[in-house]
Number of protein chains: 2
Amino acid sequence: MTRILVVDDEPQILRSLRTTLGANEYEVLTAETGEDALAQAAAVLPDLVILDLGLPDLDGTEVVRRLRVWSDVPIIVLSVRDRQEDKIGALDAGADDYVTKPFGLGELLARIRAAQRRAGGVQTEPVLAFGDLTVDLGRRLVMAAGEPVHLTPTEFRLLEAMVAHPGKLLTQRWLLQHVWGGAYGAEANYLRVYVRQLRQKLGDRADAPRFILTEPGVGYRWVADPPS
Amino acid sequence: MTRILVVDDEPQILRSLRTTLGANEYEVLTAETGEDALAQAAAVLPDLVILDLGLPDLDGTEVVRRLRVWSDVPIIVLSVRDRQEDKIGALDAGADDYVTKPFGLGELLARIRAAQRRAGGVQTEPVLAFGDLTVDLGRRLVMAAGEPVHLTPTEFRLLEAMVAHPGKLLTQRWLLQHVWGGAYGAEANYLRVYVRQLRQKLGDRADAPRFILTEPGVGYRWVADPPS
DNA sequence: CCGGGGCGTCAAGATGGTGTGAGGACGCCA
DNA sequence: TGGCGTCCTCACACCATCTTGACGCCCCGG
């Protein structure tokens, strides 16, 4: 999860940003002074900094400069001042962007995304690995023993549902509802057929399970850490 | 020397920027239409692009999107529009910064410096190769087995959407929305026809795929590493 | 020892999606 | 206005996938 350090001395802005950013899957840290901001930045290494220019102790530009001595973290400057010299100063000190208050929250979010994208922080494709089996949820690509495995849509949904909850006991009803839809729940034979196909394609065996464990009378369990 | 491509249809802005930027040790190239901008960007590989949203032929956001398919060049969007949606759209399409007209030249220069400082990276030729197939995304040129291949605009957009995400499973809905526009999503027969035409022109076969893999019921996949 | 329920396995029919070819509609340019 | 390229539409054969039923096995309780 992306950590954002918000530096502002107005509690109102702080509160507003905390809720807005928090609602958009960001972890929000706050600081109200320049010194505090620098200390926190060094301590928690945030992924992005939103910085108000009008701080009580230090000049915002100075904060940017001192951050840039050791950090390349993206910095978005926030300010009520719309003067050219302020913008030029902050940007040349090393800020990435300059937004004038009042600003639209949507715009700020877009600028955060842009700054993050540049920083290269969005390359976290979820690739799960279980021994010689890798499951790339983003690419919908499954590799077993170095070879790509072709799965039908239903097979993939079933695999997806299982690997998303490793080690957890998944009841037949739960699996049926998640893979086939809410109207299903009693068609245990579907599961038997597709679990078999999955096991076959992934190189697993019912009598010597490496990935899919049968829990008789209840459901199935995806083995968290297979014996390699 | 840093090369900047300025895209704007107002000769006045063009002239003003040419002198200002020229006086600051930048080499200035200009384009007045979106198509011209894309062509020039591919030909001269500028170090930075300044782009007006209100172009006569293409929507500015569309230009950003098409540039971003193959290039990471910093893009600063210039616009008279101050609407939130425009900003969000342009930034999420891949723009680095958004400046509203009228703007101060000093600020623009500072934003150029900021964008450049971040970029650092090297410009790569936008030419992708897959076995005996080469795709020049910038010049919109495709070569198969040493022979140039003529593609219609729609065919090229489809190819572009696929080669930009090698190995990834692209759903029919996603492809339709990206090639035909957001309003589409259910016209699977369009895809079938154009995928067939692409396969034919690229020397690919449905029953022995080298490039385009069919994932029945889901979509298509551009094979990352074709068997040569 | 016997019976039953659940599971694994297999194969065949039903279903819906895909490949393919052709033809018409439309806009663009001379 | 006519030709040309491109896009869209349709019908049909074919194929992958889904569904369904049947059967043997094992485990467990009666």
Side-chain angles (χ1 to χ4, degrees), chain A residues 140 142 148-162 169-173 175-181 183-221, chain B residues 35 57 140 142 148-162 169-181 183-222:
Chain A
R140 281 186 98 126
V142 179
V149 178
H150 176 75
L151 297 182
T152 71
T154 308
E155 287 164 1
F156 188 84
R157 278 201 305 275
L158 178 58
L159 175 65
E160 199 175 35
M162 296 181 82
L169 172 54
L170 309 170
T171 65
Q172 301 184 350
R173 168 170 297 274
L175 281 170
L176 282 164
Q177 291 190 348
H178 272 72
V179 176
W180 277 268
Y184 293 78
E187 296 79 353
N189 47 331
Y190 288 20
L191 272 179
R192 290 209 300 277
V193 171
Y194 276 89
V195 165
R196 166 177 150 67
Q197 287 172 355
L198 258 190
R199 288 211 253 234
Q200 197 166 334
K201 291 188 177 181
L202 302 183
D204 199 7
R205 289 172 47 188
D207 54 350
R210 292 193 303 150
F211 304 120
I212 302 178
L213 210 61
T214 304
E215 298 281 355
V218 190
Y220 294 90
R221 188 194 301 273
Chain B
E35 292 292 355
D57 54 344
R140 317 212 118 204
V142 179
V149 178
H150 175 73
L151 297 183
T152 71
T154 307
E155 287 165 1
F156 190 86
R157 279 202 303 277
L158 178 59
L159 176 65
E160 192 177 44
M162 299 214 285
L169 172 48
L170 309 170
T171 65
Q172 303 183 351
R173 170 171 297 274
W174 188 92
L175 282 168
L176 282 164
Q177 291 189 347
H178 273 72
V179 176
W180 276 268
Y184 294 77
E187 297 79 355
N189 46 333
Y190 290 19
L191 270 180
R192 291 210 302 275
V193 171
Y194 276 88
V195 164
R196 167 176 150 68
Q197 287 171 356
L198 259 188
R199 288 212 251 233
Q200 201 166 334
K201 291 188 176 180
L202 302 183
D204 200 6
R205 288 172 46 188
D207 54 350
R210 291 193 304 150
F211 305 120
I212 302 177
L213 208 61
T214 304
E215 297 278 355
V218 189
Y220 294 90
R221 189 194 301 272
W222 183 262

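Keep in mind the model is a prediction, meaning the values are calculated, not measured. Residue numbering restarts at 1 for every chain, and letters A, B, ... go by the order of the sequence lines.
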Handout entry: B/R221 side chain to B/L213 backbone, donor-acceptor under 3.5 Å
Key = no
Problem - Nearest-Å distance for atom pair OH/P, residues A/Y190 and C/dG6 - result: 18 Å
Fill in the blank from the handout: DNA chain C nearest-nucleotide lookup for A/A206 and B/P216: closer to the 5′ end is A/A206
Problem - Residue closer to the 5' end of DNA chain D, B/P153 versus A/E187 (nearest nucleotide) - result: B/P153
Completion exercise
Atom CG of B/L191 and atom C1' of C/dT20 are separated, to the nearest Å, by 15 Å
Exercise for the section: Determine the contact category for A/R205: base if any of its heavy atoms lies under 4.0 Å from a base atom, sugar-phosphate if only primed atoms, P, OP1 or OP2 are that close, otherwise nothing. Expected result: nothing
Practice task
State whether the side chain of B/R210 and the backbone N or O of B/G203 hold a donor-acceptor pair below 3.5 Å, judged by distance alone.
Solution key: yes
Practice task
Tell me what B/Q200 touches on the nucleic acid: a base, only sugar-phosphate, or nothing, going by heavy atoms under 4.0 Å.
Solution key: nothing
Practice task
Provide, to the nearest angstrom, the distance between the CD1 atom belonging to B/I212 and the P atom belonging to C/dT18.
Solution key: 14 Å
Practice task
Kindly indicate whether the side chain of A/F156, heavy atoms from C-beta on, has any atom under 4.5 Å from the side chain of A/R140.
Solution key: yes
Exercise for the section: Would you check if the side chain of B/R157 reaches a backbone N or O of B/V179 as a donor-acceptor pair within less than 3.5 Å? Expected result: yes
Completion exercise
Between B/H150 and B/R192, the residue closer to the 5' end of DNA chain D by nearest nucleotide is B/H150
Practice task
Have a look at A/V193 and say if it touches a base, only the backbone sugar-phosphate, or nothing, with a 4.0 Å heavy-atom cut-off.
Solution key: base
Practice task
For A/Q197, answer base if it contacts any base atom (sugar-phosphate contacts may also be present), sugar-phosphate if it contacts only those atoms, and nothing otherwise; contact means non-hydrogen atoms under 4.0 Å.
Solution key: nothing
Completion exercise
Here the distance between atom C1' of D/dT19 and atom OH of A/Y194, to the nearest Å, is 7 Å
Exercise for the section: Return no unless some side-chain N or O of B/W180 is found under 4.0 Å from OP1 or OP2 of D/dC7. Expected result: no
Problem - Distance in angstrom units between A/L213 CG and C/dC7 P, rounded - result: 13 Å
